[in-house]
K.L.:
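Below: one structure in structure tokens.
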Protein chains: 2
Amino acid sequence: MSAVKSGQNGAHKAAIRQENEEQILAAAELVFADYGFKGATTARIAEIAKVPKANVHYYFSTKEALYRRIMEDICDHWLEAAMTFENSSDPAEILRGYIEAKMDLSRARPHGSRVWAHEIIRGAKFSSDYISTTVKNWLDSRVVVINRWITEGKMDQVEPYSLMYMIFATTQHYADFARQIEIFNNDQPLSDTQFAEAKENVVRIILKGVGLS
Amino acid sequence: MSAVKSGQNGAHKAAIRQENEEQILAAAELVFADYGFKGATTARIAEIAKVPKANVHYYFSTKEALYRRIMEDICDHWLEAAMTFENSSDPAEILRGYIEAKMDLSRARPHGSRVWAHEIIRGAKFSSDYISTTVKNWLDSRVVVINRWITEGKMDQVEPYSLMYMIFATTQHYADFARQIEIFNNDQPLSDTQFAEAKENVVRIILKGVGLS
DNA sequence: ATTTATCTTGACCGTTTGGTCAGGTTAAAA
DNA sequence: TTTTAACCTGACCAAACGGTCAAGATAAAT
């Protein structure tokens, strides 16, 4: 018997596998977030996941396989946030919704954002395909939407890419540079209230900045 | 004789030392920018600097000493840009000048920005003192200036920290995420013209966003 | 009860790591 | 010219690295 109870038909084994994989994935996300792919060590991941190092390699054949799996999970979550950027309805509400979704993602999964940051800073060696296809297609279609809003006179004539980069940068900054923000905030992580206010400030400045308020 | 000629009084030796140190420092900045402190290797630094690995340790006793030196140089350059944020004259011009100075810094020294990003993402293990003293003091004094502008009715009532974080994030994004931007730009680095336009767009959105245009 | 498939892990392997060092070269000082 | 101080580097080392493996433990299937 273990902490995970057996229902029937090998449910116990399946549960053990799931629990171990989750523990290893969570540990890996943290370690990759701190050190990037090259700097991270499987020994440290095993230590945090509280399993022997050999067990990490039992569930994930190589460090690279584990890293790719982490990247997939991160991309899935990013896509979820991206979905909030629809092309119907009111521009201000759409932009607000997307900025808030990205801010919330930075708050809920800060490690994921930091892994992504490492990946891009180093030159997107593992993810350039994903960026040049999935992400680029998504971005280009949003650019079309923004340009339509501009043509329709709904907002200022801003360069859509510059605007999107500003949104990417600012929202992810609250995850990637959380430690710096914490130091400026008298060594205290932003409280839920402070974060909610930051979110509102970001939305307000950007919306007004592009003539949407 | 070597490529570096002797003037007199040990000038040759001094010149050799300077040239080697510069070559090692340039290589180290690049490698630390790619991999962070832990992921970087002295062998790779030596390879890029085109000196034997033992020579790297002759000029810089340890990898950590080399890293600290790089961080010092980065901080010096950041301080230069920070100086453009004066507390006299027109708010719009001051903010514009600072944003442009930070964008130019991202363009001129992208590796430095990426080293800094690694450092903070990992938790500012080497630089928390510098941030909590020099940088925090500078930031807090700028916050006072911005609050004065607000009191004087010169700009909107924006939370100064949120604004500064937005400027940090957006300007540094053009260095740290240059590879991602390059992919979006059809695998071409931003040209000087594109970069100048991006700079102007950032300035325009932020200035208007805080009611300064 | 026995077999089978999965899970577990200490010990180990070849390679890479940061760092050392002895012995050599070069150029400035005496 | 001789001495001295600085520079150079191949060879080396202990520790840490990603990954392997054989032998054992556990639980599902027969």
Side-chain angles (χ1 to χ4, degrees), chain A residues 1-25 27-28 31-32 34-70 125-126, chain B residues 1-25 27-32 34-70 118 122 125-126:
Chain A
M1 257 324 173
S2 86
V4 181
K5 295 211 171 173
S6 171
Q8 50 183 333
N9 268 51
H12 188 188
K13 277 272 160 85
I16 285 178
R17 171 167 279 271
Q18 194 190 336
E19 188 175 314
N20 279 335
E21 280 187 355
E22 276 172 13
Q23 222 150 349
I24 293 168
L25 284 169
V31 176
F32 284 132
D34 277 350
Y35 300 108
F37 175 72
K38 188 151 187 290
T41 69
T42 55
R44 180 93 181 113
I45 291 170
E47 186 190 340
I48 292 178
K50 286 172 195 158
V51 297
K53 195 184 70 170
N55 216 351
V56 171
H57 282 94
Y58 173 73
Y59 284 102
F60 301 93
S61 55
T62 63
K63 179 180 161 184
E64 183 176 327
L66 181 51
Y67 183 74
R68 287 186 184 279
R69 170 63 181 276
I70 296 283
K125 295 285 184 275
F126 290 93
Chain B
M1 257 326 173
S2 86
V4 182
K5 296 211 172 174
S6 172
Q8 50 183 329
N9 267 51
H12 189 188
K13 277 272 161 84
I16 286 178
R17 170 167 280 270
Q18 194 190 337
E19 188 174 315
N20 280 335
E21 281 187 356
E22 276 172 13
Q23 222 151 348
I24 293 168
L25 284 170
E29 186 172 301
L30 209 165
V31 176
F32 284 133
D34 277 350
Y35 300 110
F37 175 71
K38 189 151 186 289
T41 68
T42 54
R44 181 92 180 114
I45 292 170
E47 186 190 341
I48 293 178
K50 286 170 194 160
V51 298
K53 197 186 69 170
N55 216 352
V56 171
H57 282 93
Y58 174 73
Y59 283 103
F60 301 91
S61 56
T62 63
K63 180 179 161 185
E64 183 176 326
L66 181 51
Y67 183 74
R68 287 185 184 280
R69 170 64 182 276
I70 296 281
H118 274 292
R122 199 201 345 171
K125 296 286 186 273
F126 291 93

K.L.:
Please report, rounded to the nearest Å, how far the P atom of dG18(D) is from the CD1 atom of Ile24(A).
P.N.:
14 Å
K.L.:
Return the nearest nucleotide to the side chain of Ala54(B); candidates are dT20(C), dG18(C), dC7(D).
P.N.:
dT20(C)
K.L.:
Which heavy atom of Ile48(B) sits nearest a heavy atom of Ala27(B), and at what distance?
P.N.:
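That would be CG2-CB, 3.7 Å.
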K.L.:
Does Lys38(A) reach the side chain of Thr41(B), with side-chain heavy atoms less than 4.5 Å apart?
P.N.:
yes
K.L.:
Let me know the distance between OH of Tyr67(B) and P of dT17(C), rounded to the nearest Å.
P.N.:
18 Å
K.L.:
Indicate, with a heavy-atom threshold strictly under 4.0 Å, whether Ala40(B) touches base, sugar-phosphate, or nothing.
P.N.:
sugar-phosphate
K.L.:
Filter on ring pair (Phe, Tyr, Trp, His ring centres under 6.0 Å), then keep only pairs touching residues 39-65 of chain A, sequence neighbours left out; what's left?
P.N.:
none
K.L.:
Would you kindly compare Asn20(B) and Lys53(B) by the position of their nearest DNA chain D nucleotide and give the one closer to the 5′ end?
P.N.:
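Whichever sits nearer the 5' end wins; that is Asn20(B).
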K.L.:
Nearest whole angstrom, please: distance from the P of dT6(C) to the CD of Glu21(A).
P.N.:
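Value for this atom pair: 14 Å.
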K.L.:
Which heavy-atom pair separates Ile24(B) from Ala49(B) by the least distance, and what is that distance?
P.N.:
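Ile24(B) and Ala49(B) have their closest heavy atoms at CA-CB, 3.8 Å.
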K.L.:
How long is the line joining CD of Glu19(B) and P of dA6(D), in whole Å?
P.N.:
20 Å
K.L.:
Would you mind reading off the distance between Tyr35(B) atom OH and dT16(C) atom C1', rounded to a whole angstrom?
P.N.:
14 Å
K.L.:
Show the nearest heavy-atom pair for residues Ala40(A) and Tyr35(A), with the distance to one decimal.
P.N.:
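In terms of heavy atoms, the two residues are closest at N-CB, 3.6 Å.
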K.L.:
Identify the two heavy atoms, one from Arg122(B) and one from Asp34(A), that lie closest to each other, and give their separation to 0.1 Å.
P.N.:
CG-O, 3.0 Å
K.L.:
OP1, OP2 of dG10(C) versus side-chain N and O of Asn55(A): anything below 4.0 Å?
P.N.:
no
K.L.:
With the threshold set at under 4.0 Å for non-hydrogen atoms, list the residues of residues 57-66 of chain B touching DNA chain C in residue-number order.
P.N.:
His57(B), Thr62(B), Lys63(B)
K.L.:
To the nearest Å, give me how far apart CD (Gln18(A)) and P (dC7(C)) are.
P.N.:
13 Å
K.L.:
Taking 4.0 Å as the cut-off, does a side-chain nitrogen or oxygen of Arg17(A) come that near to OP1 or OP2 on dT6(C)?
P.N.:
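Looking at the OP1 and OP2 atoms of dT6(C), neither is under 4.0 Å from any side-chain N or O of Arg17(A).
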K.L.:
If you look at every heavy atom in Lys53(A) and Ala46(A), which pair is closest and at what distance?
P.N.:
CA-CB, 3.6 Å
